[in-house]
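Just below is one structure, and these are the notes that go with it.
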There are 4 protein chains.
Amino acid sequence: MTDNDTVPTSKPTSKKTELLATAARVFAEHGYRATTVRRIADEAGMLAGSLYYHFDSKESMLDEILSAFLDELWTGYDAVLAAGLGSRETVEALVAESFREIDRHRDAVAVYQKEWRHLVGLPRFGYLAASQRKFEQAWLGTLQRGAAEGVFRADLDPRLAYRFLRDTVWVAASWYRPDGEHGPEEIARQYLSMVLDGLAAQP
Amino acid sequence: MTDNDTVPTSKPTSKKTELLATAARVFAEHGYRATTVRRIADEAGMLAGSLYYHFDSKESMLDEILSAFLDELWTGYDAVLAAGLGSRETVEALVAESFREIDRHRDAVAVYQKEWRHLVGLPRFGYLAASQRKFEQAWLGTLQRGAAEGVFRADLDPRLAYRFLRDTVWVAASWYRPDGEHGPEEIARQYLSMVLDGLAAQP
Amino acid sequence: MTDNDTVPTSKPTSKKTELLATAARVFAEHGYRATTVRRIADEAGMLAGSLYYHFDSKESMLDEILSAFLDELWTGYDAVLAAGLGSRETVEALVAESFREIDRHRDAVAVYQKEWRHLVGLPRFGYLAASQRKFEQAWLGTLQRGAAEGVFRADLDPRLAYRFLRDTVWVAASWYRPDGEHGPEEIARQYLSMVLDGLAAQP
Amino acid sequence: MTDNDTVPTSKPTSKKTELLATAARVFAEHGYRATTVRRIADEAGMLAGSLYYHFDSKESMLDEILSAFLDELWTGYDAVLAAGLGSRETVEALVAESFREIDRHRDAVAVYQKEWRHLVGLPRFGYLAASQRKFEQAWLGTLQRGAAEGVFRADLDPRLAYRFLRDTVWVAASWYRPDGEHGPEEIARQYLSMVLDGLAAQP
DNA sequence: TATGAATGAGCGTTCATTCAT
DNA sequence: TATGAATGAACGCTCATTCAT
C-alpha cells in the first residue's frame, strides 16, 4: 500500500480550477486585453509557458470562466423559473439569485460585464448570445406577466423597465464587496425595495 | 451668387475635433487597449504616423476625449446645482442633464464607463478622481437633503441609493441610441418615473 | 574515447555574455543610436524580440556593457593605486593597465568614448560621473605628487597635462588592434616613452 | 526714402550660413544621428519643413559643415607646408594652425571627430578619405624628415608617433573652450612643450 | 508538469522628407 | 520663403504562443 492509494481529503479544487480563479481575478482587475498571460502565471507561481499545459490559449481561459459562471447562473435561474411563483415573487427570487451569483462569481461577473460586447460576435462565444436571449425572455416575460396581472405598473415601456432592472442589478458587481452588514441577501432586499417602490417618499 | 460666396455657417469643426470624435467612436466600440492607433488612422483616412502631428500620444487622445466630456458635464451640473431648486427637482434636473450628456457624448461616456477604473490611478488622469468626488458630493448631498425634508425615503442606506441612481442612469449609455420616439428628455422622464416611484403598481 | 567525453574546459560564457559581446561590437562599429536592436539580433542569429528575454531594453545592454568594463578597469586601477609605488611608477603602471583594458574591452572602450557625454546626465548612468571623478583624482593626484617630488615637470598646467595624458591613452582604442608585433605591453611602453620623454631628440 | 533702401551693413552672413552654424552646434552637442531636423529648425526659429527650402537633406547640411571646415583647414595647412620651414618648425606651425582651426570651427571639428568613421565609406563623403590621406602624408612626412635630420627621435615607430600626435591635438576639441588665459596660441604652446619634451622632469 | 528560450506578428511612436498653399 | 499637414519606413518593444528538454 502506497501513498498513491490514498484519496485526497482536501476538497479537490484541481490545479486548473485554481488557475481559472487566478485568471478571473486578474481579468476582472485589469481587463482581459490588458492582462498578460505572464501576469496570470506570475500570480500562480509559474512561468507563462507552463500555463499552456493546462489551457489551449488565453481565450480558452476566458471561455471556461464565463461558461462556468453561466452554467451556475442558469442552474439557479431555472430553479426559480420552474417553481411556479407569482410574478412579483419571481422577480424577487431572480434578483436574490442574481446577487447570490455576484457574490460567488464576482470576478467572472465583472469580466462578463466588461467583455461580452466584444465577445458576443465570436463563434466560440456564441453561447453568450443564446444566454442573453434566454435571459431577456425570462425577465421580460415575468415583467409583462406582472403588468398584465396588475402587479407591476402598466404605463412603462416594458423593454425600458427590463433594461433598468437588468443593469441596476448587475452593475452592482463592479463595486459590491460583501462585508458584515451587507451580505448578498441584504443587498438584494434593499435593491428590491428601491426598484419596486422607488426612492420617493410615499405621500 | 454661388455657394462659394457664403461663409461656412456650420461650426468649423477642426480636424483635431474630427479626429477626437473618430477616436472616441473606436475606443467606445472596441475598448481603449484593443484599439490600435492604426485603426483610428484608417477610419480617419490617414496613416498612423500622421496622427502624431495632432496628438502627442494615444493616451493624450483619450485624455482630451474624457476631459472635454467632463468639462461639458460640469457646466451642466453646476448650472443645475446653482439654481436653488428643491431636492426632488434637483434630482430630476440632474438626471435630465445626464441623459442630455449621454446623448451628446455617447462615445465619451461609454469610454469613461469602461476605462475609468484603470485610469483613475494615473497622475495624468487625476482629474477623474476629483470629478468623482465632486459628483458624489452633489448627488449624495441632494439625496440626503431630500431624505431629511421627507421628499425621499429615509429608510434606505443613502450610499446604496446613490450608487443605485448613479449606475442606473449612466449604464444606459451602453445601449441608448436616440431615435424618433425616445429622445433624451423622454428617456429621462421614464427613468425618473421608475427610479422615484418604482416598478410596482400602486396599491 | 571521443571529444564528447571531455568536459568543456573553456569557461562556459553564458548566452547573455555572448549577446553583450555582440552588442558591444555593433555599438562600437556603428554607434549606439545608429544600431538597431534588429541588427544586434541578426548578428546573434535570433529575432529582435528574442533579445528581450535576456535584456530589459537596448539601454540596459549598453548599461551592462559599460558597467562591466568599468568594474574591471577599477579592479586593475585600484590594485595599482594600492601598491604604494612612486609617482612615475604609478603612471607607468596605470598606462600599462589602461592598454591592457583597451585590449580586453576594446568595443566597450570605444562605446564609452563615443557615448559617455550623452549618457552622463541620465540617472541610470550616474556611475559614469562617479567613475570620472575618481579617475581624475587618481591621475591628477599622481601627476601633482610627481611634480612636487621633482619627478614630473612643474612648469605645466596640471589639468592640461592630465587631459593630455588621459586622451592620449584612451583615444588609442579607436584604432588599436592587437597584432603580432604590437601587444598591449609594447604599445604601452612606446606610449610611455613618448609621453614622458617627448618626441624631440635629446640634445 | 524708405528702410528698404538701406544696404545691410552687418556682415552678410547669409541665412544659410546661420542655419549651418546652428546645425553644427546641435550636431556637436547631441551627435548627428540623435539630432532631429525638427530640433535644428526649432533652434533656428522655423519649422522642420522649411529647412528644405535651404537644404536638400539633413545629410547635405552635414556635408556642407564638414567640407567648409576642411577647406579652411587646408588653406592653413597648405600655407604652412609651402613655407619651406624646418621639420620642427613645421610641426610647431601645424599644431598651432590646428588649434586655431579648433578655435574657429569647434562644432565642426567635434562633429568630424564623432562621425568620420561612419561617413568615410559613403560616396558622398569620399573627400574625407582624400583629406585623411593628404593629412597623413603631411604629418608623417614631416616627422620622418625630422627623424632623418636628427630633430626628432629615431627610435619610435613613426606611425605610432603620428597617431599619438594627431589624436592628442584633435581630441582637445572635445573639451577645449577658449577663455581669458588659454587662447588657442597658449594651448598650442603648452601642447607642443608636452609633446616634444615630455612630461618627465629633465635630469 | 514545468522550464527556458525562442518566435513572429503587431504595437505605439519617431522622423526625414514632401508638397500644396 | 515659410507653413501646415501628411507620408512611409523604420524603430524599440510586447506578448501570446510553441517546443525541446
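A note on names: the letters A, B, ... follow the listed sequences, proteins ahead of strands, and every chain is numbered from 1. Computation of the quantities below employed the complete heavy-atom set of this structure, encompassing side-chain atoms and omitting hydrogens, waters and symmetry-equivalent molecules.
- Judged by distance alone, with hydrogens and angles left aside, the side-chain atoms of S67(D) form a donor-acceptor pair with the main-chain N or O of D63(D) at under 3.5 Å.
- Applying the side chain to side chain contact (heavy atoms under 4.5 Å, CB included) criterion to E29(B), with sequence neighbours excluded, gives no partner residue.
- As rounded to whole Å, 9 Å separates atom C1' of dG12(F) from atom OH of Y32(C).
- Protein atom CZ of F55(B) is 15 Å distant from nucleotide atom P of dT14(E), rounded to whole Å.
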Enumerate all atom pairs, one protein N or O and one N or O from nucleotides 2-6 of chain F, separated by less than 3.5 Å.
unit_1, atom_1, unit_2, atom_2, d
dA2(F), OP2, H54(D), NE2, 2.7
dT3(F), OP2, L47(D), N, 2.9
dT3(F), OP2, S50(D), OG, 2.7
dA5(F), OP2, Y53(B), OH, 3.1
dA6(F), OP2, H54(B), NE2, 2.6

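- Side-chain atoms of T36(C) and V26(C), non-hydrogen and from C-beta on, never get closer than 4.5 Å to each other.
- The nearest whole Å value for the distance from the CG atom in D42(B) to the P atom in dG12(E) is 12 Å.
- The number of heavy atoms from other shown groups lying within 6.0 Å of CZ (R33(D)) does not exceed 12.
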Step-by-step side chain to side chain contact (heavy atoms under 4.5 Å, CB included) determination, V120(A) to F125(A): CA-CA 6 Å; V120(A) 80; F125(A) 292 92; over 6 Å; no
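- Interface residues of residues 58-67 of chain C facing DNA chain E, ordered by number: none; criterion, heavy-atom separation under 4.0 Å.
- Listed by first and then second residue, the side-chain hydrogen bond (donor to acceptor under 3.5 Å, both in side chains) pairs that reach into residues 106-119 of chain C are Y112(C)-Q132(C), sequence neighbours excluded.
- For residues 50-60 of chain C, the pairs satisfying side-chain hydrogen bond (donor to acceptor under 3.5 Å, both in side chains) are E59(C)-R124(C), with sequence neighbours left out.
- Nucleotide dT17(F) holds its P atom 10 Å from the CD1 atom of I40(A), rounded to whole Å.
- Y52(B) has a side-chain polar atom (N or O) that falls below the 4.0 Å cut-off from OP1 or OP2 of dT13(E).
- Within the 4.5 Å cutoff, the side chain of L19(A) has heavy atoms near those of the F55(A) side chain.
- Taking every side-chain heavy atom of V37(A) into account, dT17(F) is the closest of dC15(E), dG12(F), dT17(F).
- When all heavy atoms are compared, the tightest approach of V111(B) to A24(B) is CG2-O, 3.9 Å.
- In secondary-structure terms, DNA chain E builds stems of at least 3 consecutive Watson-Crick or G-U pairs, each pair having both distances under 3.5 Å, at E:2-21 with F:2-21.
- Between I40(C) and T22(C), the shortest heavy-atom distance links the atoms O-CG2, 4.0 Å.
- H105(A) and F69(A) have tilted rings, their planes meeting at an angle from 30° to 60° on a 0 to 90° scale.
- Taking atom CZ on R39(C) and atom P on dA10(F), their separation rounds to 15 Å, with Å as the unit.
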